[in-house]
Protein chains: 2
Amino acid sequence: MSAATRSRTSDPLEARRAILDQASQLLAESGPEALTMRKLSQRIGASTIVLYRHFRDKQAILDELYLEGFERLRADLARVPLSDPLPYVMDLGRAYRRCAIANPTYYQVMFTRCIAEFDPSPESREVSKQSFLILAGAVQRCMDLGVAARGDAAQIAHILWGTLHGLISLELFGYMPPSVSGEARLEHALTIMRDGLVSPLSPNIP
Amino acid sequence: MSAATRSRTSDPLEARRAILDQASQLLAESGPEALTMRKLSQRIGASTIVLYRHFRDKQAILDELYLEGFERLRADLARVPLSDPLPYVMDLGRAYRRCAIANPTYYQVMFTRCIAEFDPSPESREVSKQSFLILAGAVQRCMDLGVAARGDAAQIAHILWGTLHGLISLELFGYMPPSVSGEARLEHALTIMRDGLVSPLSPNIP
DNA sequence: CAGGCGCCCATAACACTGTTATGTTCAATC
DNA sequence: GATTGAACATAACAGTGTTATGGGCGCCTG
């Protein structure tokens, strides 16, 4: 019972990783509805019960994928090189879209209830906010350096996030016309947002 | 066989309506995952087979709810009184949010794949664009009357829609802080968008 | 080194889902 | 009133997530 001699096949952490890898592949290849416990168990060459030995239930597996999706997003945003404040914010927006388009099924798990039996755990939701902080920091920087009107940076960042998410979400759902590329549309949206932030007009113009 | 004497219980159109009403209630009361064919059949006091007599499958029922959701949205937007061009666009945005918040489960069916076995039919997707046309027309009016910079009105409308959808979607999903009301956040976003549309800066400011 | 304990795993089942084949029952027609 | 045909309930099929039941293997103990 010496803490490292407990499993029959191999390292339990390794098994966990294998399960998550296969779940991730299954998700990316065939979409959320194809990610069933039976299919997953077949992939790792075992019975369903093995999955339940490593994870409490399907929710727990999806929770890990959810976290992995947000970690990819956070990492992609963190990779964006710092530049002038406004262009940096726009670069973050571009990176956000690239990440979502590159991992559409992950994005679904992160932002839609595409699997009935999944609702992210409170802890996971906390982690998900990490990526947001990068964006909020970038907005704050714009205000601090005086290139955007002062105000509640978090609020502005939330609005930016909403715009990014909405455009991407509608694009992934097929509501956007194919005549304009999603990239160009995002570019346009970012420009409008920037202009609105740089030069706010009086609160009550006609 | 005189075309009106075919059903055992009552008017088939009436039965259809009853099924959809119960489905709508079930959806609003207990969410998408509670909308099962068995529960629905129990609600109308019949067997599941009756549902399949009136609808090809569950998809067809959900398709009707999808259409009903977009019809409510279109009607709500159409009810917004015409005013000065820019305030009218903003009023449309406010009405859009009100409608979404008032019918959250409908909004889920319309914009997320919350039910695995449902994907709106091509015809339904066409109908869904009707509400968008109201928004696009309002943006075009701003350009025609010279209160917004000229450009592709449809593109701007798509961006506006994306912003609305993103903010509402994140709000419904619980990603927005409760410290600020969704209404106030939308107000702020609409203002930023308006300012960006009214006074576009040079395309390449720092 | 033999014994036995304990964990791991596969099988099969439960309760649920959408969907449908099998009979039964009722209403309109001849 | 008998017949025909459509509408219906029941029960089943193939799936789903999850778990209770046992068999089998590895490791510690005597």
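Below, chain A is the first sequence line, B the second, and so on; all start at residue 1.
Between Asp57(A) atom CG and dT16(D) atom P the separation is 17 Å, expressed in whole Å. A straight line from CG of Leu40(A) to P of dG15(D) spans 18 Å, rounded to a whole angstrom. Regarding Leu35(A), its CG atom lies at a distance of 17 Å from the P atom of dG15(D), rounded to whole Å. The distance from atom CZ of Arg53(B) to atom C1' of dC26(C) is 14 Å, rounded to the nearest whole Å. We find that CD of Gln42(B) is positioned 11 Å from P of dC16(C), with the value rounded to whole Å. The nearest whole Å value for the distance from the CD1 atom in Ile19(B) to the P atom in dG18(C) is 14 Å. Across the protein-nucleic acid pair, Glu33(B) atom CD and dT17(C) atom C1' stand 13 Å apart, rounded to whole Å. Between Met37(A) atom CE and dT19(D) atom C1' there is a gap of 12 Å when expressed in whole angstrom units.
Applying the side-chain hydrogen bond (donor to acceptor under 3.5 Å, both in side chains) rule to pairs touching residues 169-179 of chain A yields Arg97(A)-Glu171(A), Ser169(A)-His165(B), Tyr175(A)-Tyr66(B), sequence neighbours excluded.
Looking at residues two or more places apart in sequence or on another chain, you find no side chain to side chain donor-acceptor pair (under 3.5 Å) involving Arg141(B). Applying the side chain to side chain donor-acceptor pair (under 3.5 Å) test to Thr112(B) and every residue at least two apart in sequence or in another chain returns nothing. Scored by the side-chain contact (heavy atoms from CB on, under 4.5 Å) test, Ala100(A) finds Tyr107(A), Ile168(A) as partners (sequence neighbours excluded). Residues passing the side-chain contact (heavy atoms from CB on, under 4.5 Å) test with Ala157(A), sequence neighbours excluded: Phe132(A), Leu135(A), Ala136(A), Val139(A). Contacts of Ser121(A) classified as side chain to side chain donor-acceptor pair (under 3.5 Å), with partners at least two apart in sequence or in another chain: Asp63(A), Glu123(A), Ser124(A).
A salt bridge does not link Arg98(B) to Glu183(B): none of the charged nitrogens lies less than 4.0 Å from a carboxylate oxygen.
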Below 3.5 Å between N/O atoms, which protein atoms pair up with nucleotides 12-15 of chain C? Just atom names and distances, please.
unit_1, atom_1, unit_2, atom_2, d
dA13(C), N6, Arg38(A), NH2, 3.4

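In this model, no donor atom of one side chain and acceptor atom of the other lie less than 3.5 Å apart for Gln25(A) and Asp21(A).
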Scan the side chains in residues 69-80 of chain A for donor-acceptor partners under 3.5 Å anywhere in the protein, sequence neighbours excluded, and list what turns up.
unit_1, atom_1, unit_2, atom_2, d
Glu71(A), OE1, Arg74(A), NE, 3.1
Glu71(A), OE2, Arg74(A), NH2, 2.8
Arg72(A), NH1, Asn103(A), OD1, 2.8
Arg72(A), NH2, Glu68(A), OE2, 3.1
Arg72(A), NH2, Tyr106(A), OH, 3.4
Asp76(A), OD1, Arg79(A), NH2, 2.7

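Residue Ile49(A) is the one, among Ile49(A) and Tyr52(B), whose nearest nucleotide of DNA chain C lies closer to the 5' end (criterion: closest heavy atom).
Comparing the start and finish of the helix from dC1(C)-dG30(D) to dC30(C)-dG1(D), five pairs each, the helix axis swings through 30°, to the nearest 10 degrees.
Phosphate contact (OP1/OP2 of dC16(C), side-chain N/O of Lys39(B), threshold under 4.0 Å): absent.
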